[in-house]
Each structure stands twice: as C-alpha cells, then as structure tokens.
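Count residues from 1 along the sequence.
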Amino acid sequence: MIEKDVSYSRLDVALASMLAKRSGLADKAERDRLYSLVQNVSAALASGHSCIEISEEERAFLLPLNCVSEDEKTPLIVEDNRLYFYRYWHYETRLAQQIALRIHGLATSADDLQNIVNHYFAEDSEDDIDWQRRAAINVAQQRFSIITGGPGTGKTTTVLKVLAILQTLHGYDLSIGMAAPTGKAAMRLQESLAGGKNKTDNDGNEVFSEQVKQSIPQDVSTIHRLLGAKRNSVYFKHHADNPLIHDVVVIDEASMVDLSLMSKLIDALKPSAQLILLGDKDQLSSVESGAVLADLSQALPEHTSELKKSYRFLEDIKNFATAINQQDTQRAWELLEGDECAAVRRVQGDLLEHLHQEYAPYLQAVRSSHDPAEIFAQFNRFKVLCAMRRGKLGIENLNASFERRLQHQEGFNIRTGWYAGKPVMITQNDPATGLFNGDIGICLYPPEERTLTVFFEQQDGSMKRILPMRLPQYETAFAMTIHKSQGSEFATVLMVLPDQMNPLLSKELLYTAVTRAKENVQVAAQKEIFQQALEQRVERTSGLSQKLVVNSQ
C-alpha cells in the first residue's frame, strides 16, 4: 500500500493527468478520484510494488471506465482487489502461466538417479540431514526449481553437483546456460564454479570426472547478455519466438531479478528447458517492481529447497546476520557493541578519517602497482555500503566528501573529474561497450602510457579497457548503496545508516549489507536508527503468489 505522506514524481502526475482526461468522466470529483488512484499505482511501481490494493467500492467505480478492464489491453487492469498498469499485470500473468506449464512434468525420472546422487553426496545420518543432497534430488526431477539459503550454505556447490547429475543422466549432451543479474555476481559465480570443479574428496580423489567438467560450461554471463540486450530497447534478441538454445538455465542471485526481467527470461526459454534459480530469499528484493523470488518460494514450496547449514560463513557474522534476520533488536545491538563477536563492531568518530584508514592499502596500490588485478584486489578488500543515496550519510555526499579529502590530503587531482584511482560503477546497460548496470571499473594509467583509462575486470581474468569519454552513465564508487552491492562480496563491509529514520530502512536492507562481508562487519549507526530499521520489514504488494497457486492447481 502507498504511504499517506508519499511524494509523487512528475511521471506519476503526468500519467494520472493523461488518464483522467481520457477517461470520459464528466464529473470533476470522479476525475479527481481516478487521478488519485493512477498516481498511487505509478508511485507504487517506483516503490517496488507491482500493483495496489483497492476496495470493493473503488473496484465498482473503476470497471465501467473506458481505460479499465479485467483482462483486456487497457491502460489499467482490475484483478480481484488489485489495480495494475497493463504492462505489469501482463508480466505477472505471463510469468505465472509459464511457470505453471513447467512445474507439471518432471525433467527426469530416471531409475538410476539415486545411484548417481550417492556418488556426489553421502546419505543422511540420524544426526545430520544433508540439505544439499535433498535439494539435488528435488532439483534433478523438476523443470522449475529454487535453491535458497544464506551465505555459505553451499548453493553453488549444490547446483554444480546437480549439473553433473543431469549431464550424467543425459549422456553429457545438455546445453547449459548460466547467468546472474550483474557482472560482479556473474564473475563470483564463475569463480566459484571453476574452483568447485577441481575439488577433491577426503581420500584425495577428484569429485568430478573430466567428462563432467567438460560438459559444464566455464562462462557465466549477465542475464541481459544471455538474452541478447538491444541498445536503447527494453526488448531482447531471445524471446518466445526466438528462444534460447539451452536445455538447462541457472540464474544466481535471483532475489535481484525484477518482475519484468524474470517474465522475459522465462518467455525466452524453450518449452523443454529446465530453470534453476539460486538465491537468498531473506535478502532485499529487486530495485524494480516485484519480490519475485520471495513470491515464488512462498507459492511453490514443493519446488523450493532451502539449505540450512552454513559451511564457510564466519560464525561472528553468521550470529549477527541471524539476529538481524530474526528481528532480535536487543541481541543484534549487544553483538554490535559488545566483545562477543570480534568480527563485528560499531564505528564511531570521524567517518571520513575511518574511510581514509581503510582505503589506505588501495591508495598505496594505485600509486605503486602497475598491475590492475592487484589494484582491484585491494579495492575489493573494503567497501562502504550506504542505506541512502542522498543526505549527509548517503553515497552522493560521502563519495564527494571523500574525493575532496583525497585532493587535500593525498594530492589527487579531482578537478577534471578523472584521476588514477577513481572507482566507478556503471548505472546504465550499454551493449555497445559491453558494460552493464552494476559493473565496477577503476580509472588508471596503463603501463607505460599517460592516458587515463578505465579498467573493468572480466570473468576470464582479463581486463576490459575503456576511455572515460566512452563510458555510459556511471557514478563514483568509493561508497555504494546496499541495493547495488547485491551479488558482490568483500572482505570488510562498513554499513552506514542515516541519522534519521527513513521508510527505506528495513531488516532486509541490514541483512543484505551484513552478508556481503567475508571477514569483518563494521556499522556506523545510532542505536535508535539501527533498531527501528530492524523492526521494519519489506512488504510488496503483488498478485504473483496468488496467480501461481491458482495456475499450478
């Protein structure tokens, strides 16, 4: 639902004005009523909802209008007690229908599935349930499945073994596509898969045969690259009439995938293809509309496998993340302020001075190293994650303030906008340069050259080089929003909360920030703001879960 004190954008106002004028309503009070409802739908989309809830009285008012229907191509759609713009109603409806088609019928029912599973997983004992084994058995038998779990629970390990099982069952002839919402997430998945392929068991034997290794692809792309993004277009090369060739498609960090992209992705799968989604259902939902992974998990529990045991997540960070996820405000603050968790601490004092100390190894690497890979490694060691974009403690102000500090205390020449060591994040998909929203670059002088160039890490370990003037839309990235950090991982994370409460703060936001850290979590926040944020949950209005239940019966 829309908050009472919501502020409307120019787009909200323009859409409401246009539809009110074209509605054919003669009565001003009725036009104003429609105007208000349209404003609310438009504002809801910007807040991540796919629709708004309406009363029976509002439903009766809307349905006779020429711009409203229940299932035709009109600007507004009324479905049950929900009001949509047509496009988002179509995305929801299409997605539910496509998934319903996939969940009827097994991907495989081979008699020897159990024997192959036994090769990769030990059997459950009375004292220890192997959640990965259970997930693998479920996923191998379903055309549509979800593997969810927190950091370190082994989602990548599980899906790698699932792919090995499927290839063995199908004669190593399956075409597999793997993707993630951002370049960084794709790179992480690719690195995890490459490392996983070479693992050995307790006896020193390789887990995967060479035949299995060769049958599982090395490359992981972004979803936009997988679908074939078109410049200046919301459409893709691959769609229902030109589907992907893959027999199996794996999508990592699925909580980041919005309603529109998920609908287009599933539309682009061939009818026989198997889709496997990986993600943490407790993380933030997508920036755009929808809470797709959460809705899917809720509506299709028999197609959702949750991994519950963490194998590598640092215990201190795990305990802190668990307290946040359970909204235990007292326990979370005790862990933050006390000595129980050495890897979790509260940061007080001069924030810019603290940033300067933490980024010192990176700044030294920029000055002394000629290896972009080494500089990236130092940069990824520490990251500032802000809850807000604007305000005193938002990324815009922190990035600008930190750059000024670098100029005054380190001699960096920031006046031209470009300098060696400037990190940037791409904020606009640009197929022409091969750069996509979320890609991170660092401006450096190439060895033996004096022309500043922005370097971007590629999945194969190489570096893409782009001149600053050729970059698509970007922003400075010493600090980034928590939303933008999804799919990334850093040794140390500093989470910065604003000094005033904001509706955007939530336990999901805090949990997402904390689970980006591998070794240390730092928090700059007032107790009152931290605990109030923890008490808020993200709730998005959507009809997807209900549609899935109806369509899957």
Side-chain angles (χ1 to χ4, degrees), residues 1-3 6 8-9 11-12 14-16 19 34 36-55 58-59 62-63 67-100 144 146 181 223 234-236 251 253-268 277 279 281 283-300 483 486 503-504 506 508-509 536-552:
M1 294 296 291
I2 300 298
E3 301 290 336
V6 68
Y8 296 106
S9 69
L11 176 61
D12 302 335
L15 283 170
L19 287 178
L34 176 61
S36 178
L37 286 166
V38 175
Q39 271 197 138
N40 285 345
V41 179
S42 183
L45 289 175
S47 298
H49 308 277
S50 58
C51 55
I52 63 170
E53 294 179 354
I54 56 174
S55 66
E58 289 168 331
R59 175 185 169 87
L62 286 164
L63 279 175
C67 58
V68 183
S69 72
E70 292 185 274
D71 56 8
E72 298 177 11
K73 199 167 184 179
T74 52
L76 298 171
I77 298 289
V78 169
E79 183 179 67
D80 298 329
N81 66 329
R82 300 181 298 273
L83 177 63
Y84 296 83
F85 282 128
Y86 174 81
R87 175 181 292 181
Y88 292 90
W89 172 83
H90 174 74
Y91 288 148
E92 254 192 24
T93 303
R94 180 69 175 169
L95 179 57
Q97 291 171 344
Q98 289 284 70
I99 290 177
F144 172 81
I146 300 168
I223 299 174
V234 297
Y235 300 104
F236 294 100
I251 302 297
E253 297 290 352
S255 64
M256 299 172 63
V257 184
D258 61 68
L259 175 62
S260 169
L261 187 57
M262 187 66 80
S263 181
K264 292 172 182 177
L265 168 67
I266 293 187
D267 251 359
L277 303 180
K281 61 181 176 56
Q283 280 189 27
L284 280 168
S285 298
S286 59
V287 176
E288 303 297 332
S289 63
V292 178
L293 186 67
D295 284 344
L296 294 175
S297 301
Q298 178 184 351
L300 303 170
H483 270 99
Q486 287 180 271
L504 295 178
S506 67
E508 289 86 358
L509 192 78
Q536 291 196 154
R537 295 181 64 97
V538 173
E539 294 184 8
R540 290 190 167 179
T541 306
S542 161
L544 179 58
S545 184
Q546 183 177 332
K547 286 187 175 79
L548 285 164
V549 172
V550 171
N551 281 279
S552 60

Does Y91 form a side chain to side chain contact (heavy atoms under 4.5 Å, CB included) with D267? I'd like the steps, not just the answer.
CA-CA 10 Å; Y91 288 148; D267 251 359; over 6 Å; no
Between [atom1] on residue [X] and [atom2] on residue [Y], distance to nearest 0.5 Å:
X: E288; Y: L259; atom1: CD; atom2: CG; value: 10.5 Å
X: L83; Y: R59; atom1: CG; atom2: CZ; value: 11.0 Å
X: L11; Y: Q39; atom1: CG; atom2: CD; value: 10.5 Å
X: L544; Y: M262; atom1: CG; atom2: CE; value: 9.5 Å
X: L548; Y: L300; atom1: CG; atom2: CG; value: 5.0 Å
X: N40; Y: E53; atom1: CG; atom2: CD; value: 12.5 Å

Contact check, side chains of [X] and [Y], non-hydrogen atoms, under 4.5 Å:
X: L265; Y: V257; result: no
X: L95; Y: V292; result: yes
X: W89; Y: L76; result: no
X: C67; Y: T74; result: no
X: E70; Y: L63; result: yes
X: Q283; Y: E253; result: yes
X: I77; Y: S69; result: yes
X: E72; Y: Y86; result: no

What are the two closest heavy atoms between [X] and [Y], and how far apart are they?
X: S285; Y: R540; result: CB-NH1, 3.6 Å
X: L293; Y: S255; result: CD2-N, 3.7 Å
X: S542; Y: S50; result: CA-OG, 3.5 Å
X: A43; Y: D12; result: N-OD1, 3.5 Å
X: V38; Y: A16; result: CG1-CA, 3.5 Å
X: D258; Y: S289; result: CB-O, 3.5 Å

Ignoring hydrogens and geometry, is there a side-chain-to-backbone donor-acceptor pair from [X] to [Y] under 3.5 Å?
X: D80; Y: R82; value: no
X: E92; Y: G543; value: yes
X: H49; Y: T541; value: yes

If you draw a 6.0 Å radius around CZ in R87, do more than 12 non-hydrogen atoms from other residues or ligands fall strictly inside?
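No.
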Evaluate L504 against L509 for side chain to side chain contact (heavy atoms under 4.5 Å, CB included), listing each step before the verdict.
CA-CA 8 Å; L504 295 178; L509 192 78; 5.8 Å; no
Using side chain to side chain contact (heavy atoms under 4.5 Å, CB included), reason through L19 and F85 one step at a time and then give a plain yes or no.
CA-CA 11 Å; L19 287 178; F85 282 128; 4.2 Å; yes
